[in-house]
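If you read the sequence from its start, that first residue is 1, and numbering goes on from there.
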Amino acid sequence: MTFTAPLTTAETAALATAAAAKLQELTGIAKFDIALTLGSGWGRAAHTLGEIIAEIPAEQVPGFAPSGVIGHSGTLTAIRLADGRHVLVIGARTHLYEGKGVDAVAHGVRTAHAAGATTAVLTNGAGGVNFDYGVGEAVLIKDHINLTAKSPLKGAEFVDLTDLYSKELRAAAKQVKPDLKEGVYAQVPGPHFETPAEIHYLRTIGADAVGMSTALEAIAARALGMRILGFTLITNPAAGVVDEPLNHEEIIAEGKAAEARLAELLTAVITNLPR
């Protein structure tokens with residue numbers, strides 16, 4: 001079963017179950033506790049969280065494919081924390097603009113849930129819409145605006161998103177770094193960057209950062225009952241904030257420059273998350 005055609009809810013669940021079974025076979029881990037999806041700039045955390053049990057090319061697991069985006073590892077990594085909990089690190093995120101459909105985008109968190117994870121930590125790189133955000137700054141996501149005109153849910157599946165990004169988990173993150181800023185993240189379809197007029201619109205409707213991932217994954221995770229913590233790395237000022245064109249290579253470079261600091265932050269936060 002693949003994502004070449006839209007799947008039913010039962011089919012997406014079956015594919016996630018098959019992927020989880022394969023992960024458990026390849027890693028020897030019967031149950032994961034936390035899922036960590038890595039965005040641009042966050043990749044080094046996969047090697048600082050704890051003991052690496054297994055690192056698996058994504059294509060070996062049903063429903064996953066090698067990453068089509070620079071800055072993503074294309075692997076699934078199993079890590080054991082010092083307290084014995086297991087983390088599934090997803091370095092093979094699928095973005096909506098890759099054209100594989102919403103089910104492919106949500107497959108990572110659905111697989112993690114099928115493998116036992118009850119907490120999803122979602123990270124990304126984004127453009128700073130809020131003038132107070134500096135390049136290289138990590139920001140907690142307190143809410144999102146989904147501008148993709150898509151949902152990972154099908155039919156009459158009405159899911160409450162009031163506390164989508166868990167207050168409890170955000171409080172735990174602030175115990176580690178009390179000066180963490182919080183903001184609203186807007187997901188757009190991409191892959192093109194936004195125009196200055198669109199950034200002005202986003203600022204007007206309450207967005208602080210803008211990117212091309214995370215919101216759809218968060219909705220899918222909440223529908224499964226998972227707790228969600230979100231982080232965004234400000235890799236660049238959004239269009240029109242400064243009088244310079246946007247460049248993907250420069251954005252990747254900013255993420256690379258921040259990797260060590262972000263890995264330290266994410267390691268401390270994840271090890272401090274309540275069970």
Side-chain angles (χ1 to χ4, degrees), residues 1-23 31-37 39 61-65 88 90 92-124 126 140-170 183-191 201-202 205-207 209-230 232:
M1 191 184 302
T2 66
F3 298 109
T4 53
L7 304 181
T8 66
T9 299
E11 287 172 334
T12 60
L15 187 55
T17 299
K22 188 65 175 180
L23 277 173
K31 177 183 178 296
F32 288 89
D33 302 284
I34 299 168
L36 168 61
T37 302
V61 180
F64 288 91
L88 175 62
I90 302 169
R93 165 183 266 157
T94 297
H95 296 78
L96 188 62
Y97 57 72
E98 294 178 62
K100 299 176 183 178
V102 179
D103 288 328
V105 172
H107 183 61
V109 294
R110 286 172 172 159
T111 295
H113 178 265
T118 55
T119 298
V121 181
L122 303 171
T123 68
N124 62 56
L140 277 172
I141 301 174
K142 68 177 180 181
D143 204 346
H144 79 225
I145 302 171
N146 175 16
L147 295 176
T148 67
K150 304 285 186 182
S151 173
L153 312 182
K154 298 179 176 70
E157 189 174 359
F158 304 116
V159 175
D160 177 33
L161 303 181
T162 304
D163 184 28
L164 180 58
Y165 297 91
S166 166
K167 292 178 182 177
E168 179 189 20
L169 299 188
R170 282 155 44 208
V184 176
Y185 172 85
Q187 180 178 352
V188 294
Y201 165 75
L202 289 171
I205 65 172
V210 59
M212 304 172 191
S213 67
T214 303
L216 296 175
E217 294 157 294
I219 295 167
R222 168 47 61 87
L224 294 167
M226 300 178 79
R227 302 181 304 172
I228 301 149
L229 178 65
T232 189

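- Side-chain contact of Asp103 with Thr12: a donor-acceptor pair under 3.5 Å is absent, judged by distance alone.
- Between Thr214 and the choices Thr123, Val105, Ile141, the side-chain contact (heavy atoms from CB on, under 4.5 Å) rule is met once, by Ile141.
- For the atom pair CG (Leu36) and CD1 (Ile90), the distance works out to 8.0 Å, reported to the nearest 0.5 Å.
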Let me see the working for Leu96 and Val102 under side-chain contact (heavy atoms from CB on, under 4.5 Å), right down to the final yes or no. CA-CA 6 Å; Leu96 188 62; Val102 179; 3.9 Å; yes
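- Val184 is listed as a side-chain neighbour of Ile145, based on a closest heavy-atom distance under 4.5 Å.
- The CD atom of Glu168 sits 9.5 Å away from the CG atom of Asp163 when rounded to the nearest 0.5 Å.
- The CE atom of Met212 sits 12.0 Å away from the CD atom of Glu98 when rounded to the nearest 0.5 Å.
- The CG atom of Leu164 lies 10.5 Å from the CG atom of Asn146; values are rounded to the nearest 0.5 Å.
- Of the options Val109, Thr148, Leu153, a side-chain contact (heavy atoms from CB on, under 4.5 Å) to Leu216 is made by Thr148 and by none of the others.
- Checking side-chain atoms of Arg110 against main-chain N and O of Ala220 turns up no donor-acceptor pair under 3.5 Å.
- The OG1 atom of Thr17 sits 15.5 Å away from atom NZ of Lys22, with the distance rounded to the nearest 0.5 Å.
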How far apart are the C-alpha atoms of Phe32 and Thr111, what are their side-chain angles, what is the distance that settles it, and do they pass the side-chain contact (heavy atoms from CB on, under 4.5 Å) test? CA-CA 10 Å; Phe32 288 89; Thr111 295; over 6 Å; no
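- Residues Ala215 and Gln187 come closest through the heavy atom pair N-OE1, 2.9 Å.
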Which is it for His144 and Ile219 under the side-chain contact (heavy atoms from CB on, under 4.5 Å) test, yes or no, and what are the steps along the way? CA-CA 10 Å; His144 79 225; Ile219 295 167; 3.9 Å; yes
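- Looking only at distances, no side-chain donor or acceptor of Tyr97 sits under 3.5 Å from a matching main-chain atom of Val188.
- Residues Arg93 and Asn124 have side chains in contact (heavy-atom distance under 4.5 Å, counting atoms from C-beta outward).
- Closest non-hydrogen pair, Ala35 versus Ala112, comes out as CB-CB, 3.4 Å.
- Contact record, Pro62 with Leu15: CB-CD1, 4.0 Å, taken as the closest heavy-atom pair.
- Taking NZ from Lys167 and NZ from Lys142, the interatomic distance works out to 11.0 Å, rounded to the nearest 0.5 Å.
- In plain terms, the two heavy atoms of His113 and Leu224 that are nearest each other are NE2-O, 3.2 Å.
- Across all non-hydrogen atoms, the minimal contact from Thr9 to Lys154 is OG1-CB, 3.9 Å.
- With Leu169 as reference, Leu229 is the one residue of Leu229, Ile228, Val121 to meet the side-chain contact (heavy atoms from CB on, under 4.5 Å) rule.
- In this pair, Phe64 and His107 present their aromatic rings tilted. The plane angle is within the 30 to 60° band.
- Remark: Arg222 pairs with no residue by the salt bridge (Lys or Arg N to Asp or Glu O under 4.0 Å) rule, at least two apart or across chains.
- In terms of heavy atoms, Ala126 sits closest to Ala209 at CB-CB, 4.1 Å.
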